[in-house]
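So that the names make sense, note that chain A is the first sequence line, chain B the second, and so on, each numbered from 1. Scope of the values below: all heavy atoms of this structure, side chains included, with no hydrogens, waters or symmetry mates.
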Number of protein chains: 2
Amino acid sequence: MPSLTSVLGALDPTSDRAVFRQIADRLREAIDKGRFKEGDKLPSETELVEHFGVSRMTVRNALALLQQEGLAVSEHGKGVFVRPRPPVRRLASDRFARRHRDQGKSAFTVEAEAAGSRPEVDSLEVKEERPTQDIAARLGSPRKVLARRRRYLLDGRPVEFATSYLPLDLARDTPIAQPNPGPGGIYARLEEMGHRLDHFDEEIRARMPSPAEVRTLHLASGVPVIHLIRTAFDAEGRAVEVCDTVMAADAYVLSYQLPAT
Amino acid sequence: MPSLTSVLGALDPTSDRAVFRQIADRLREAIDKGRFKEGDKLPSETELVEHFGVSRMTVRNALALLQQEGLAVSEHGKGVFVRPRPPVRRLASDRFARRHRDQGKSAFTVEAEAAGSRPEVDSLEVKEERPTQDIAARLGSPRKVLARRRRYLLDGRPVEFATSYLPLDLARDTPIAQPNPGPGGIYARLEEMGHRLDHFDEEIRARMPSPAEVRTLHLASGVPVIHLIRTAFDAEGRAVEVCDTVMAADAYVLSYQLPAT
DNA sequence: ACCATCTAGTCGTCTAGATGAGTTGCTGCC
DNA sequence: GGCAGCAACTCATCTAGACGACTAGATGGT
């Protein structure tokens with residue numbers, strides 16, 4: 001067990017950089033250099049207080065900084081740990097290709113099982129609603145919409161929360177209004193109903209999660225979300241579905257292939 | 001001027017929710033309801049201390065929470081303000097289409113001026129380097145690469161930092177190795193040199209910024225970054241360029257159009 | 001009119017404690 | 001051996017106060 005001094009060094013009293021930032025710097029360096037690896041426990045607050053000769057609030061400020069940066073997570077009663085990087089799921093831009101729609105399982109399930117993970121879907125809710133202004137504008141201002149909400153989990157960890165909106169006049173009394181819309185999902189049903197899909201628009205934003213999103217996705221502090229809004233258009237140019245997805249950013253890499261036209 | 005009580009209400013002493021979280025909840029509600037608008041000053045720490053009857057650290061914890069959520073920013077000596085949402089720049093998936101490459105200006109400059117903003121590019125650096133393992137793998141393991149670094153600003157605000165990597169054997173002694181590669185940028189030069197571009201791969205991640213990125217992009221706390229890695233392939237399937245871009249997430253919406261094949 | 005200075009108000013940093021609550025492992029009883 | 005309970009350690013929350021640094025407006029002199 002190397003001494004704390006050899007791992008963290010000491011503070012520079014002549015520096016005008018705040019002490020808690022210097023402590024965070026030392027810890028960050030140690031993590032970057034591999035002195036602490038993913039999942040390792042960092043020195044306890046008490047140990048850092050004694051090592052650097054500062055008060056506990058100063059040490060806590062330093063640790064809070066690392067958590068905001070997404071480098072560390074604290075666990076009450078246990079310690080502060082280097083944040084483990086969960087395996088990421090790669091979303092290819094052809095994930096809605098027709099050739100992926102023939103199977104009975106959802107794209108999420110197929111991909112997850114192929115990657116050796118245990119997929120789950122919960123919070124399934126299907127209901128009719130008045131659309132928000134934004135959703136209504138994207139769908140051509142329907143009075144009401146069908147909303148399909150669900151949460152996706154990998155190996156028990158929630159990673160994504162999605163809501164699909166469809167104009168109610170289009171979805172009412174169809175399999176799309178059922179909790180399970182059948183093989184190939186709602187896109188297969190839409191095509192069967194004569195809405196041949198032409199293209200999708202996807203808008204991507206990144207931001208910090210709301211408190212509700214932190215609860216739903218069990219997000220550690222320092223983990224942003226990716227907010228993806230996809231609109232599906234049929235061959236007549238009508239927007240037939242808007243899917244609003246919030247993803248834990250540490251669980252995803254989005255991948256797009258663009259032709260160089 | 002409405003009283004603080006009418007805007008913020010009081011705490012619930014029977015709740016087991018931490019006091020600083022309750023204070024943050026009250027402030028967040030007030031912001032959501034429009035009682036405080038973008039750019040408005042929140043009550044000072046002293047005012048909140050007196051209103052809620054708690055110590056200053058408790059109030060500061062509450063305000064820190066709002067800043068982590070990206071809802072507020074503090075300004076030393078002035079106060080804590082509801083974070084203004086800067087106008088976002090939308091990046092379309094056809095932004096590298098040939099038809100956009102004819103003009104003398106860069107895509108960034110043209111788009112920014114069209115949107116009425118004042119674009120700048122700085123930190124221009126062009127040099128030869130040994131590639132990192134990741135870049136090397138994407139480019140077919142060249143021994144050395146040409147790296148082109150630049151930072152983009154809109155109306156004086158830095159919004160994006162990008163580095164392009166090209167295999168050195170391909171870029172050496174060409175206009176691409178010049179600070180200004182000429183009209184249409186390096187993609188026009190690559191095509192002139194016989195590398196007809198075929199397609200781009202883009203990988204998108206979101207995460208919290210490193211301290212270096214906070215400095216380079218002047219990021220407020222609670223603002224994540226979007227990390228985009230684009231690889232350009234020529235008609236022979238060779239990777240001719242990798243562009244590594246870090247964007248302030250509050251300044252961008254990425255937009256992709258996907259065919260429903 | 002201009003500018004330097006003062007001052008009140010603001011957030012930033014740090015100290016030194018107290019109490020509470022979750023986790024873990026040990027100890028001693030059965 | 002098994003288990004209940006205790007002790008030690010962890011982070012979470014909160015208090016009360018001190019000093020520093022930055023901002024902006026008021027003051028007053030040139």
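When B:R89, B:R85, B:R83 are each tested for a salt bridge (charged side-chain N to carboxylate O under 4.0 Å, His left out) with B:D250, only one passes: B:R83.
For B:H218 and B:R157, the side-chain atoms include no donor-acceptor pair closer than 3.5 Å.
Side chain of A:E45, nearest nucleotide from D:dC14, D:dC11, C:dC14: D:dC11. Of the candidate nucleotides C:dG12, D:dC14, D:dC11, D:dC14 has the atom nearest to the side chain of B:S55. You'll find that the side chain of A:R56 is closest to D:dA12, out of C:dG12, D:dT15, D:dA12. Of all nucleotides listed (C:dT15, C:dT10, C:dC14), C:dT10 comes nearest to the side chain of B:T46.
Within a 6.0 Å radius of CZ in B:R130, other residues, nucleotides and ligands contribute 12 heavy atoms or fewer.
Phosphate contact (OP1/OP2 of C:dG9, side-chain N/O of B:S44, threshold under 4.0 Å): absent. For D:dC14, the OP1/OP2 oxygens have no side-chain nitrogen or oxygen of B:T58 closer than 4.0 Å. At the phosphate of D:dA12, OP1 or OP2 sits under 4.0 Å from a side-chain N or O atom of A:R60.
The separation between A:L48 atom CG and D:dT10 atom C1' is 13 Å, rounded to whole Å. The nearest whole Å value for the distance from the CZ atom in B:F20 to the P atom in D:dA12 is 9 Å.
Contact annotation for B:R17: no contact, since no heavy-atom pair falls under 4.0 Å across all strands.
Contacts between residues 66-82 of chain B and DNA chain D, counted as heavy-atom distances below 4.0 Å, involve B:H76, B:G77, B:K78.
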